[in-house]
Each structure stands twice: as C-alpha cells, then as structure tokens.
Amino acid sequence: MYELKTEAAFDGAHFLTDYYGKCENLHGHRWRVVAYIGKESLETAGTHKDMVLDFSVFKRTVRAVVEELDHTFLVEEGSLKPETIAHLESEGFELTVLPFRTTAENLAAHLFDRIAASGLPVTCIEVYETPNNCAIYRP
C-alpha cells in the first residue's frame, strides 16, 4: 500500500451537550487535521504516473473541506434553541450546524466522508483538538 499524508488546520468553537465537565461550556480549539490517502499501486500513465496522486490536488481538496469549518461555531443540531441560533446569526456569527455531537471522533468521521465524497482514496483521518490528543477514524 502506498500512502500520502497532508495536514490542514482550522479554528473553531464548540461545546458538548449533555457533558458534565469543562467542555460543556463554549470553548475553542485550533483543530489539526491529518489526512491520509492510499492505493495498492501507483498510477501507470499520464501526469500522475508513478504517484498515488499529485500532492497539489490532495492538499487543495483537504484544505477546501477543512476551510468550510474554519472560524465557525460548530453546533450540534438541536442543541441550541432556534431563537438562539437566529440571534447568533443576526449578530453576524458564522455557525456550522452538524447532525452530531461535535466531538473530535465525530469530526474525524465527518471529514473522512467529505474528503471521500470528493473522490480521493482516503484511508484515515486524524483530528487533534489539542497538540497531544487526537481522534482517529479509519473505516
């Protein structure tokens, strides 16, 4: 198996619903995303001959997906009252409402799916919420 790895990062705020600890309060992270793609064999012809994929294509795709979350408030769907959402948006806050609890584990799976949907042969996503703690998703 040949694999490539690239990294991207985003800044985002979130809180964990039904959590009893510090993370139930609104807080932020500099989320670091490490993406891996892989193939059993290298391309045999064309501009990508002897490559899994050109790094520029890989980096551009990963960064575009990660950029969607940058400087937004990650909100679990249904965790805030609709009027709270409306007030935040009316004040100009950028919200990303997601259909899951905004844990590093769920963000890793979400990013995996988004990158895979772009057509890349993604094999693994790591999401660091601190420099020493990460969640890893590989189906």
Requested in this report: Kindly say whether Leu80 contributes a backbone atom to a donor-acceptor pair with the side chain of Thr84 at under 3.5 angstrom?
Outcome: no

**Report entry** Asn132-Thr130 side chain donor-acceptor pair, cut-off 3.5 Å
**Finding:** no

Query raised in the report: Any ion pair linking Glu68 and Arg114 (charged N to carboxylate O, less than 4.0 Å)?
Result: yes

Report task. Without swapping roles, check the side chain of Asp70 against the backbone of Phe10 for a donor-acceptor pair under 3.5 Å. Result -> no

Report summary line: On a heavy-atom basis, the closest approach of Arg138 and Thr123 is CB-O, 3.5 Å

Query raised in the report: Are any of the side-chain heavy atoms of Tyr36 and Val122 separated by less than 4.5 Å?
Result: no

Query raised in the report: If you draw a 6.0 Å radius around CZ in Arg30, do more than 12 non-hydrogen atoms from other residues or ligands fall strictly inside?
Result: yes

Report task. Please examine the side chains of Thr96 and Val75, heavy atoms only from C-beta on, and report whether any two atoms are closer than 4.5 Å. Result -> no

Query raised in the report: Does the His14 side chain pair with the main chain of Thr102, one donor and one acceptor, at a distance under 3.5 Å?
Result: yes

Query raised in the report: Would you say Ile125 and Ile136 make side-chain contact, with heavy atoms under 4.5 Å?
Result: no

**Report entry** Heavy-atom pair of closest approach, residues Val127 and Ala108
**Finding:** CG2-CA, 3.5 Å

Query - Side-chain heavy atoms of Glu83 within contact of His87, under 4.5 Å - result: yes

Query raised in the report: Which atoms form the tightest heavy-atom contact between Ala35 and Ile115, and what is the distance?
Result: CB-CD1, 4.4 Å

Requested in this report: Run the ring-centre check on Tyr137 versus Phe112 and record whether the distance is less than 6.0 Å.
Outcome: yes

Query raised in the report: Would His110 and Phe100 count as a close aromatic pair, with their ring centres under 6.0 Å?
Result: yes

Query - Flag side-chain contact, heavy atom, 4.5 Å: Val52 against Lys39 - result: yes

Query raised in the report: What is the minimum heavy-atom distance between His48 and Glu43, and which atoms define it?
Result: O-CB, 3.0 Å

**Report entry** For Gly12 against Trp31, the heavy-atom pair lying closest together
**Finding:** O-NE1, 3.4 Å

Query raised in the report: Does the side chain of Glu89 come within less than 4.5 Å of Glu94's, by heavy atoms?
Result: no

Requested in this report: Look only at the side chain of Arg63 and the backbone of Glu7, and say whether a donor-acceptor pair between them is shorter than 3.5 Å.
Outcome: yes

Requested in this report: For residues Val97 and Glu77, report the shortest heavy-atom separation together with the two atoms involved.
Outcome: CG1-CA, 3.7 Å

Query - Side chains of Thr17 and Phe15 in contact at under 4.5 Å (non-hydrogen atoms) - result: yes

Report summary line: CG of Leu98 to OG1 of Thr72, rounded to nearest 0.5 Å, is 7.5 Å

Query raised in the report: How about Ile37 and Val62: do any of their side-chain heavy atoms sit closer than 4.5 Å?
Result: no

